[in-house]
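Single-structure report; data block below.
All values below come from the heavy atoms of this structure, side chains included, with hydrogens, waters and symmetry mates left out. First listed ligand is number 1; within each ligand, the first listed atom is number 1.
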Amino acid sequence: MAWNTVGKPEDIENGKMKEFDVSGKKIVISNFDNKYYAIDALCSHMGGDLGKGKTNGGVVVCPKHHAQFDLKTGKVTKNINGLFKMMTKKDAKDLKLYDTKVEDGNLMIDL
Ligand code: FES
């Protein structure tokens with residue numbers, strides 16, 4: 001693991017998220033009251049791009065089959081169901097959560 005600078009804290013508005021490419025890995029970082037949370041941007045179900053998902057409070061909805069993940073923890077808050085579940089026969093799993101910090105005015109992630 002190593003600290004990587006991804007941008008400035010002010011790049012992400014309070015209550016919003018933004019996708020970053022960090023050493024070839026897609027990461028979503030969200031800002032809640034100037035605390036920053038970083039999770040994998042590829043959905044654990046079938047690789048949907050969570051950076052393109054809708055957010056609702058602290059949750060991001062996968063644009064592919066609509067699993068929902070807590071942006072602060074990476075945990076699944078609502079798994080896929082119905083037709084998508086029947087078609088894919090697999091569940092979404094909790095996403096990896098990465099440490100973040102703000103240092104010298106830079107937003108950093110431990111990856
Ligand atoms: S790829 Fe995200 S819910 Fe299926």
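- Using a 4.0 Å cut-off to heavy atoms of Ala67, the atoms of ligand 1 that qualify are 3 (S).
- The main-chain N or O of His45 is found under 3.5 Å from a side-chain atom of Lys90 such that the two form a donor-acceptor pair.
- Phe69 does not carry Lys75 over the face of its six-membered ring by the limits of under 6.0 Å from the centre and within 45° of the normal.
- Inclusion of His45 in the first shell of atom 4 (Fe) of ligand 1 is supported: an N, O or S atom falls under 2.8 Å.
- Close approach of ligand 1 to Lys64 is summarised as follows: ligand atoms under 4.0 Å from at least one heavy atom of the residue are 1 (S).
- Counting heavy atoms closer than 4.0 Å to ligand 1, residue Ile80 contributes side-chain atoms (C-beta onward) but none from N, CA, C or O.
- In the hydrophobic cluster analysis, where Ile, Leu, Val, Met, Phe, Trp and Tyr join through side-chain heavy atoms closer than 4.5 angstrom, Val28 is grouped together with Phe32.
- Remark: ligand 1 atoms within the under-4.0 Å shell around heavy atoms of His65 are 1 (S), 3 (S), 4 (Fe).
- Per-residue contacts place Cys43 under 4.0 angstrom from the following atoms of ligand 1 (heavy atoms of the residue considered): 1 (S), 2 (Fe), 3 (S).
- In this structure, Lys96 satisfies the cation-pi test against Tyr98, with its NZ or CZ atom closer than 6.0 Å to the six-membered ring centre and inside 45 degrees of the ring normal.
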Residues Asp40, Lys25; criterion salt bridge (charged side-chain N to carboxylate O under 4.0 Å, His left out); working and verdict: CA-CA 8 Å; Asp40 281 325; Lys25 190 170 180 63; 3.4 Å; yes

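- With hydrogens and angles ignored, the 3.5 Å screen pairs a side-chain donor or acceptor of Asn14 with a backbone N or O of Asp33.
- Of the protein's non-hydrogen atoms, Met46 N, 3.3 Å is the one closest to atom 1 (S) of ligand 1.
- Looking at Cys62 against ligand 1, only its side chain comes within 4.0 Å, counting heavy atoms.
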